[in-house]
Amino acid sequence: MLNIVLFGPPGAGKGTQADKLKERYRLNHLSTGEVIRQEIKAGTALGLEAQEQMKDGSLASDDIVIGIIGNYIESHRDGNGTIFDGFPRTTPQAEAFDMMLSQHGQSVTAMIALDVPDNEVIARLLARGKVSGRADDQSEEVIRNRIDVYKAQTEVVKKFYDKQGKYIEIDGMGGIEAVFERLCQVIDKLK
């Protein structure tokens, strides 16, 4: 079973690439951000708490995210594996994630990071904000805060998986197809 953690800053193209990888390798795709947005839209207690925490560009708390992922893993035990897009984002999440997977006889196959410079991330997110209407993609100040939070809290997760020999970084710049082919070259070697 392939369990791929797709990693990178907001706007790196994780969601776009995960959709393509899902089709090519017949994997499940869990977008943490999408699941949280669904919880917010549904007005659940979990969603409202996450919304309050994220309004200034901060991440949802580990407890909220770990609960969502635990439910997902429990209900998706079959198949070829899963692309985890936006999770884990902190070292405590990574530790809990490894423990959850091991309870089901699974593990993370690899964390594949899309390397994209900050100025490109800002440009991509501002462009996406014009189309999507997402408030967190329409303010450069909020975007810069999201990048800072990513660097402070999330980038350390790569060290966690690098110590396990599971961290792989690829160039996230260029066209969608070029990045996709780089990802496929890595995943084909992992299979």
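Here the structure is a predicted model, which means the values were calculated and not measured.
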Trainee: Considering residues at least two apart in sequence or located in another chain, which fulfil the salt bridge (charged side-chain N to carboxylate O under 4.0 Å, His left out) criterion with Glu140?
Mentor: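 Salt bridge (charged side-chain N to carboxylate O under 4.0 Å, His left out) list for Glu140, sorted by chain: Arg144.
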
Trainee: Without placing hydrogens or testing angles, list every side-chain donor-acceptor pair under 3.5 Å for residues 1-8, not counting sequence neighbours.
Mentor:
residue	atom	partner	partner atom	Å
Asn3	ND2	Gln106	OE1	2.9
Asn3	ND2	Ser107	O	3.2

Trainee: Would you name the heavy atoms of Ala18 and Ile83 that are closest together and state the gap between them?
Mentor: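 That closest heavy-atom pairing would be O-CD1, 3.5 Å.
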
Trainee: Can you check whether Leu190 reaches Val186 side chain to side chain, under 4.5 Å on heavy atoms?
Mentor: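 The answer is yes; the side chains approach within 4.5 Å.
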
Trainee: Please give me the minimum heavy-atom distance between His104 and Glu74, naming the atom from each residue.
Mentor: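 Closest approach of His104 to Glu74: CE1-OE1, 3.2 Å.
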
Trainee: Pair up each side-chain donor or acceptor in residues 90-101 with any protein partner under 3.5 Å, not counting sequence neighbours, and list the distances.
Mentor:
residue	atom	partner	partner atom	Å
Thr90	OG1	Asp62	OD1	2.9
Thr90	OG1	Asp62	OD2	3.2
Thr90	OG1	Gln93	N	3.2
Gln93	OE1	Arg89	N	2.7
Gln93	NE2	Asp62	OD1	2.9
Asp98	OD1	Tyr161	OH	3.0
Asp98	OD2	Gln164	NE2	3.0

Trainee: Nearest 0.5 angstrom please: Glu52 CD to Ser61 OG, how far?
Mentor: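 The distance works out to 12.0 Å.
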
Trainee: Please write out which residues are connected to Val142 in a hydrophobic cluster, directly or through intermediates, given that two of Ile, Leu, Val, Met, Phe, Trp, Tyr count as joined at side-chain heavy-atom separations below 4.5 angstrom.
Mentor: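 When side chains under 4.5 Å apart are linked, Val142 ends up in no cluster with other residues.
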
Trainee: Working to the nearest 0.5 Å, report the span between CZ of Arg128 and OG1 of Thr16.
Mentor: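 Output value for this atom pair is 8.0 Å.
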
Trainee: Using the salt bridge (charged side-chain N to carboxylate O under 4.0 Å, His left out) criterion, which residues pair with Glu169? Sequence neighbours excluded.
Mentor: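 Salt bridge (charged side-chain N to carboxylate O under 4.0 Å, His left out) list for Glu169, sorted by chain: empty.
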
Trainee: Got a sec, which residues hit salt bridge (charged side-chain N to carboxylate O under 4.0 Å, His left out) with Arg37, two or more places apart in sequence or on another chain?
Mentor: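 Here no residue qualifies.
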
Trainee: Do you know the tightest heavy-atom contact between Asp137 and Ser132?
Mentor: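 Heavy-atom minimum between the residues: OD2-OG, 4.2 Å.
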
Trainee: Please report the C-alpha distance between Val179 and Asp171 in whole Å, then the side-chain angles of each, then the deciding distance to 0.1 Å, and finally whether the side-chain contact (heavy atoms from CB on, under 4.5 Å) criterion is met.
Mentor: CA-CA 7 Å; Val179 175; Asp171 182 3; over 6 Å; no

Trainee: So, taking the atom named OG in Ser139 and the one named CZ in Arg134, what distance separates them when rounded to the nearest 0.5 Å?
Mentor: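 Taking OG in Ser139 and CZ in Arg134, the distance rounds to 13.0 Å.
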
Trainee: If two hydrophobic side chains count as joined below 4.5 Å and joins carry through other members, does Ile66 share a cluster with Val108?
Mentor: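 Yes; Val108 is reachable from Ile66 via cluster members.
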
Trainee: Enter the distance from Leu21:CG to Arg24:CZ here, rounded to the nearest 0.5 Å.
Mentor: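 So the CG of Leu21 and the CZ of Arg24 are separated by 8.5 Å.
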
Trainee: Can you tell me how far CG of Asp148 sits from OG1 of Thr154, rounded to the nearest 0.5 angstrom?
Mentor: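 It comes to 11.5 Å.
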
Trainee: Is there a continuous path of hydrophobic side-chain contacts, each under 4.5 Å between heavy atoms, that joins Phe84 to Tyr150?
Mentor: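 Yes; tracing contacts between hydrophobic side chains, which count when under 4.5 Å, links both residues.
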
Trainee: Who passes side chain to side chain contact (heavy atoms under 4.5 Å, CB included) against Asn28, sequence neighbours left out?
Mentor: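 Tyr72, His76, Thr82.
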
Trainee: Any chain of hydrophobic side-chain contacts (each under 4.5 Å) joining Leu30 to Ile64?
Mentor: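 Yes; tracing contacts between hydrophobic side chains, which count when under 4.5 Å, links both residues.
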
Trainee: When rounded to the nearest 0.5 angstrom, what is the spacing between CD in Gln103 and CD1 in Ile73?
Mentor: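 Separation between the atoms: 9.0 Å.
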
Trainee: Is any side-chain heavy atom of Pro88 less than 4.5 Å from a side-chain heavy atom of Ile69?
Mentor: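 No, their side chains stay 4.5 Å or more apart.
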
Trainee: Please list, one pair per line, the donor and acceptor atoms closer than 3.5 Å that link side chains of residues 111-120 to other protein atoms, with sequence neighbours excluded.
Mentor:
residue	atom	partner	partner atom	Å
Asp118	OD1	Lys151	NZ	3.4
Asp118	OD2	Lys151	NZ	2.5
Glu120	OE2	Arg124	NE	3.0

Trainee: Please determine, by modelled atom types, if Tyr25 and Asp188 share a side-chain donor-acceptor pair under 3.5 angstrom.
Mentor: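 A donor-acceptor contact under 3.5 Å links the two side chains.
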
Trainee: With sequence neighbours left out, what residues match Asp19 under side chain to side chain contact (heavy atoms under 4.5 Å, CB included)?
Mentor: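 With neighbours one apart ignored, the set is His29.
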
Trainee: For atom CD1 of Ile176, decide whether the heavy atoms of other residues, nucleotides or ligands shown that lie under 6.0 angstrom number more than 12.
Mentor: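 It does not: Ile176 CD1 has 12 such atoms or fewer within range.
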
Trainee: Between Leu125 and Gly11, what is the shortest heavy-atom contact and its length?
Mentor: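 Closest heavy-atom pair between Leu125 and Gly11: CD2-CA, 3.5 Å.
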
Trainee: Please give me the minimum heavy-atom distance between Pro10 and Val121, naming the atom from each residue.
Mentor: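 So the two residues come closest at O-CG1, 2.8 Å.
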
Trainee: Among residues at least two apart in sequence or on other chains, which ones pass side chain to side chain contact (heavy atoms under 4.5 Å, CB included) with Glu177?
Mentor: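 With sequence neighbours excluded, Glu177 shows a side chain to side chain contact (heavy atoms under 4.5 Å, CB included) to Lys20, Phe180, given in chain and number order.
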
Trainee: Not counting sequence neighbours, which residues clear side chain to side chain contact (heavy atoms under 4.5 Å, CB included) with Asn80? List them please.
Mentor: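 Asn80 satisfies side chain to side chain contact (heavy atoms under 4.5 Å, CB included) with Arg26, Leu27 only.
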
Trainee: Under the salt bridge (charged side-chain N to carboxylate O under 4.0 Å, His left out) test, which residues partner Lys166, sequence neighbours left out?
Mentor: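 Lys166: no salt bridge (charged side-chain N to carboxylate O under 4.0 Å, His left out) contacts found.
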
Trainee: For a 4.5 angstrom cut-off between non-hydrogen side-chain atoms, does Ile170 reach Leu183?
Mentor: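 Side-chain contact under 4.5 Å: yes.
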
Trainee: If we ignore hydrogens and angles and just use 3.5 Å, is the side chain of Lys14 paired with the main-chain N or O of Pro9 as donor and acceptor?
Mentor: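 Present.
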
